Amino acid sequence: MNEKDPYNQPWRAAALVSALGIDIVVCTTVGYFIGSLADKHWGGGTKTWLIVGVLIGFAIGIFTVVLVLKRFLEDKRE
């Protein structure tokens, strides 16, 4: 029998790219809302906490994307 490589599937690649994009969007959105709440509580109208929240959320999103890609590539090597 001629078996296909389970890692060489376009649907798997599309799902991975979609999951990575959703991960970044969700982390950035959560950072926005947390920054917005912090800005209302401590802000004084400068939007500093909002910007900090968005940047921290984006950084966490990038970090989790790196972890997912690392795991995905390790699974492929086995």
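Scope of the values below: all heavy atoms of this structure, side chains included, with no hydrogens, waters or symmetry mates. Given the structure is predicted, the values throughout are model-derived calculations rather than measurements.
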(message) Which residue in the set T48, L55, V54 passes side chain to side chain contact (heavy atoms under 4.5 Å, CB included) when paired with I51?
(response) L55

(request) Calculate, to the nearest 0.5 Å, the distance between atoms CD1 and SG belonging to I62 and C27 respectively. (result) 9.5 Å

(request) Return yes if some donor-acceptor pair links the side-chain N/O of T28 with the main-chain N/O of I24 below 3.5 Å, else return no. (result) yes

(message) Quick check for you: to the nearest 0.5 Å, what is the distance between I22 atom CD1 and T29 atom OG1?
(response) 11.5 Å

(request) Scan residues 46-69 for pairs that pass ring-ring contact (aromatic ring centres under 6.0 Å, His included), counting only residues two or more places apart or in two chains. (result) W42-W49

(request) Indicate if L20 and L73 have the same hydrophobic cluster label, given that clusters are the connected sets of ILVMFWY residues with side-chain heavy-atom separations under 4.5 angstrom. (result) yes

(request) Find out if a path of hydrophobic residues (ILVMFWY) with successive side-chain heavy-atom gaps under 4.5 Å connects V68 to V65. (result) yes

(request) Quick one: pull up OH in Y32 and CG in D39 and give me the separation to the nearest 0.5 Å. (result) 9.5 Å

(request) Taking the side chain as every heavy atom from C-beta outward, state whether L69 and L16 have any atom pair closer than 4.5 Å. (result) yes

